[in-house]
Amino acid sequence: MSDNPMPRALKRRPVVRAVMVLLALVTAFHVFAQFLWIAPASQLRTLIPGDFLTSWQIPYFGQSWSVFAPDPINGNYVYKIRAVVRDDSGERVTTKWIDATDAEYAGAKHHLLPARATSLASEQATNYKNAWDELTEDQKAVVAEHYWKGDDWKARFEGKLRAASGDDQDAVAKANAFITANAFTDAYATQVARAVWGDGVDSVQWDIYRQNVTPFADRHEEHPTPEPKQKAPTGWRGLFTMPEQNEQDFAETFTRWVDASGQHDATEVH
């Protein structure tokens, strides 16, 4: 038997070449997809059919020009949650506010590759505030009311919100978009409340707002005046759970982040 390794190397060469070609094609497509994603929207995006471009980019490769001039990100979105819980005597007690965005940021701090979940609260706050901004004044008044009593609270809230739209089809469409954002926001608030205060949670309320950063011209002031909070006033809501939510896994992770953020007092029920 020959000790010469050349025949085996020659047999492997076509496989190696095929792998290299495949990797080159994937790399070329990825570079092209990145270009399409970060470039201003144009007909070039139709070169990739359906939702494949979005599926390729999200959640791992998402990028945008929003961190660059002339229109960089200039504000933070905050998502705070509190709850009404039943104490040992059955009395309804209101908890303190807990900052879900701050807790998630604590989970991302000092991590080179933070978990995708460390941006969920901020993203949901952004979606909710943007949907709220599109509502009419009559619709916003409905959102500010309380809906948590009875099993039909969600249907009553959504029905009144649509009724506030009147015959304006554009307002109806915006109400429907807000209803979707509200459902996801309520589901997240429900998970946070149960993770922090346990199974005795009776209802939840969230405080979502955007606050711009200090203007560039005032950056050298020692104690600049904070920018005003752009709020989306929301009343108390009943609990809502999305299909396939895993509250146990969520609680294990989120409570660890709460501890890291130093919000120990907010977890207590007074």
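Scope of the values below: all heavy atoms of this structure, side chains included, with no hydrogens, waters or symmetry mates.
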Should we count CG of Asp51 as having more than 12 external heavy atoms under 6.0 Å? no
Are more than 12 heavy atoms, taken from residues, nucleotides or ligands other than Gln248, located less than 6.0 Å from that residue's CD atom? no
Between atom [atom1] of [X] and atom [atom2] of [Y], what is the distance when rounded to the nearest 0.5 Å?
{"X": "Phe35", "Y": "Arg45", "atom1": "CZ", "atom2": "CZ", "answer": "10.5 Å"}
{"X": "Arg210", "Y": "Asp133", "atom1": "CZ", "atom2": "CG", "answer": "9.5 Å"}
{"X": "Thr214", "Y": "Glu227", "atom1": "OG1", "atom2": "CD", "answer": "6.5 Å"}
{"X": "Phe240", "Y": "Gln245", "atom1": "CZ", "atom2": "CD", "answer": "8.0 Å"}

Ala171 meets the side chain to side chain contact (heavy atoms under 4.5 Å, CB included) criterion, sequence neighbours left out, with Thr136, Gln139, Ser165, Asp168
Excluding sequence neighbours, so at least two apart, what forms side chain to side chain contact (heavy atoms under 4.5 Å, CB included) with Asn176? Arg162, Val172, Ile179
Start with the C-alpha gap between Leu36 and Gln57, add the side-chain angles, then the distance that decides, and say whether side-chain contact (heavy atoms from CB on, under 4.5 Å) holds. CA-CA 10 Å; Leu36 291 180; Gln57 291 294 123; over 6 Å; no
Is there a side-chain contact between [X] and [Y] (heavy atoms, below 4.5 Å)?
{"X": "Ile81", "Y": "Gln205", "answer": "no"}
{"X": "Ile98", "Y": "Arg82", "answer": "no"}
{"X": "Thr190", "Y": "Val201", "answer": "no"}
{"X": "Val31", "Y": "Gln34", "answer": "no"}
{"X": "Asn182", "Y": "Trp206", "answer": "yes"}
{"X": "Asp202", "Y": "Val85", "answer": "no"}
{"X": "Glu145", "Y": "Phe157", "answer": "no"}
{"X": "Lys154", "Y": "Tyr147", "answer": "no"}

N/O donor-acceptor pair under 3.5 Å between Gln124 side chain and Phe184 backbone: no
Criterion side-chain contact (heavy atoms from CB on, under 4.5 Å) against Ile208, the qualifying member of Thr185, Thr234, Asn127: Thr185
ILVMFWY network linking [X] to [Y], side-chain heavy atoms under 4.5 angstrom:
{"X": "Phe52", "Y": "Trp37", "result": "yes"}
{"X": "Phe254", "Y": "Tyr77", "result": "no"}
{"X": "Leu22", "Y": "Phe29", "result": "yes"}
{"X": "Val142", "Y": "Trp153", "result": "yes"}
{"X": "Val21", "Y": "Val16", "result": "no"}

Who passes salt bridge (Lys or Arg N to Asp or Glu O under 4.0 Å) against [X], sequence neighbours left out?
{"X": "Asp138", "value": "none"}
{"X": "Lys231", "value": "Asp207"}
{"X": "Glu91", "value": "none"}

Step by step, would you call Asp102 with Trp257 a side-chain contact (heavy atoms from CB on, under 4.5 Å)? CA-CA 9 Å; Asp102 193 46; Trp257 292 344; over 6 Å; no
Output, in order, the C-alpha distance, side-chain angles, deciding distance and verdict of side-chain contact (heavy atoms from CB on, under 4.5 Å) for Arg92 and Arg86. CA-CA 5 Å; Arg92 300 178 76 248; Arg86 299 278 180 177; 3.2 Å; yes
Please list all pairs meeting salt bridge (charged side-chain N to carboxylate O under 4.0 Å, His left out) that have one or both residues in residues 234-262, counting only residues at least two apart or in different chains. Arg194-Glu247
Pair listing, salt bridge (charged side-chain N to carboxylate O under 4.0 Å, His left out) test, anchored in residues 173-187, at least two apart: Glu134-Lys174, Asp170-Lys174
Name all pairs fulfilling the side chain to side chain donor-acceptor pair (under 3.5 Å) condition that reach into residues 19-30, sequence neighbours left out, sorted by first residue then second. His30-Trp56
Please confirm whether Lys140 makes a cation-pi placement over Trp132, using NZ or CZ under 6.0 Å from the six-membered ring centre and within 45° of the ring normal. yes
Which residues satisfy the ring-ring contact (aromatic ring centres under 6.0 Å, His included) test with Tyr188, sequence neighbours excluded? Tyr79, Phe250
Using the test ring-ring contact (aromatic ring centres under 6.0 Å, His included), find all partners of Tyr105 that sit at least two apart in sequence or belong to another chain. none
For the residue pair Glu123 / Ser119, report whether a side-chain donor-acceptor contact shorter than 3.5 Å exists. yes
Cut-off 3.5 Å, side chains only: do Thr118 and Glu104 have a donor facing an acceptor? no
Through direct or indirect side-chain contacts below 4.5 angstrom among Ile, Leu, Val, Met, Phe, Trp and Tyr, which residues connect to Val84? Trp148, Trp236
Other ILVMFWY residues reachable from Tyr209 by side-chain steps of under 4.5 Å: Val78
